[in-house]
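Below is one structure, written out as structure tokens, with a few remarks after it.
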Protein chains: 2
Amino acid sequence: MPTICKFEKALEILTGKWKPVILLRLFANGTMRFSEIQKAIPDINKKMLAQQLKELEHNDIVHREVYSQVPPKVEYSITAYGHSLHPVLQTLNDWGEGHVEHMSRLHGEETSTEAVDRPQTPVRKA
Amino acid sequence: MPTICKFEKALEILTGKWKPVILLRLFANGTMRFSEIQKAIPDINKKMLAQQLKELEHNDIVHREVYSQVPPKVEYSITAYGHSLHPVLQTLNDWGEGHVEHMSRLHGEETSTEAVDRPQTPVRKA
DNA sequence: CTGCATCCTCAATGATACTG
DNA sequence: CAGTATCATTGAGGATGCAG
């Protein structure tokens, strides 16, 4: 059980199609209701949002506060422990920033930086 | 295009089922032949290895040195730029280390830390 | 030895409807 | 409003064979 495991474990937390966006939103806004997050991230659907939040909650990154009232109200926020992620996010973001520049320098000046990766597995088309 | 993009871009590099292992191997061993990496990571297959290496190469993280000889010989190594990833990996790993402990403290003392995540979508079985 | 092409599998993602 | 349950989709991941 080398270093890999820890490393991969850490990645598991940040990975997932919506984790990053959700996390950033919560880091920025502090506390948000379920519907607020949904509005903030139009392309996500309830199932995914709930699912990802659940995972983040399980990892003690996000806190879930339920208000027993009608209509229901649930607020999400970054836990104390979750804030320990901040430096990690920062590092990742800083490197990412330099990286996009590095890429444009290397390859074309495409501002899109899109469809450049993962060329393989050409999608079994009809 | 807020911070997310850079952040996610960075994640893209590290993510992928085999990127972490491959990266760590290369960081540790310096230079390895295709077959060496394969032997070092028994569970990976040629296609995946080639694919992930290609992506890493495209991102200028890994260097590919081809020796035009028979039989063919190709060596992979971390590029100069690729080494800029080291602090990122370090940060991630450090946080991951603390995280596994935090998890065991929170939930059970399960050394497995397995099947605890992602409870949803119960696998559509026959 | 390397690596691409093909075909296949399945887990993650998504759309939708229903419930407290 | 905040979920859960179901069913459908898709694309990353994998097995295998051919080719340089």
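Within every chain, numbering begins at 1; the chains are lettered A, B, ... in the order of the sequence lines, protein sequences first and strands thereafter. What you see is a predicted model; the values in this text were computed from it and never measured.
Comparing D/dG14, C/dC4, D/dC1 by their closest approach to the side chain of A/Arg33 singles out D/dC1. In the set C/dG3, C/dT2, C/dG14, the nucleotide with an atom closest to the side chain of B/Ser35 is C/dT2. For B/Lys47, counting side-chain heavy atoms from C-beta on, the closest listed nucleotide (D/dA15, D/dC1, C/dT13) is D/dA15.
What separates CZ of B/Arg64 from C1' of C/dT2 is a distance of 8 Å, to the nearest Å. Going from atom CE of B/Met48 over to atom P of C/dC8 covers 17 Å, rounded to whole Å. Straight-line distance from the CD atom of B/Gln51 to the P atom of C/dT6: 15 Å, rounded to whole Å. When rounded to the nearest whole Å, the span between CD of A/Gln69 and P of D/dC1 equals 12 Å. Atom-to-atom, CD1 of B/Ile37 to C1' of C/dG3 comes out at 13 Å; the value is rounded to the nearest Å. For the pair A/Lys17 NZ and C/dT13 C1', the interatomic distance rounds to 6 Å; values are reported in whole Å. Protein atom CG of A/Asn45 is 11 Å distant from nucleotide atom P of C/dT13, rounded to whole Å. Straight-line distance from the CE atom of A/Met32 to the P atom of D/dA2: 11 Å, rounded to whole Å.
The side chain of B/Gln38 contributes no N or O atom lying less than 4.0 Å from OP1 or OP2 of C/dC1.
In the interface, the side chain of A/Lys46 is paired with the base of D/dG3 through a donor and an acceptor atom under 3.5 Å apart.
Using modelled atom types, no side-chain atom of B/Asn59 and backbone atom of B/Ile61 make a donor-acceptor pair closer than 3.5 Å.
A salt bridge links A/Lys19 to A/Glu55: at least one charged side-chain nitrogen sits closer than 4.0 Å to a carboxylate oxygen.
Between A/Ile44 and B/Glu36, the residue anchored closer to the 5' end of DNA chain C is B/Glu36, taking for each the nucleotide with the nearest heavy atom. In terms of position on DNA chain C, the residue among A/Trp18 and B/Phe34 whose nearest nucleotide sits closer to the 5' end is B/Phe34.
Residues B/Ile37 and B/Met32 have side chains in contact (heavy-atom distance under 4.5 Å, counting atoms from C-beta outward).
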| task | Could you walk me through whether A/Glu12 and A/Thr15 pass the side chain to side chain contact (heavy atoms under 4.5 Å, CB included) test, one step at a time? | result | CA-CA 5 Å; A/Glu12 277 180 25; A/Thr15 296; 5.8 Å; no
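Within the nucleic acid shown, A/Tyr76 comes within 4.0 Å of sugar-phosphate atoms alone, with no base atom in reach, counting heavy atoms only.
When ring centroids are compared, B/His102 and A/Tyr81 come within the 6.0 Å threshold.
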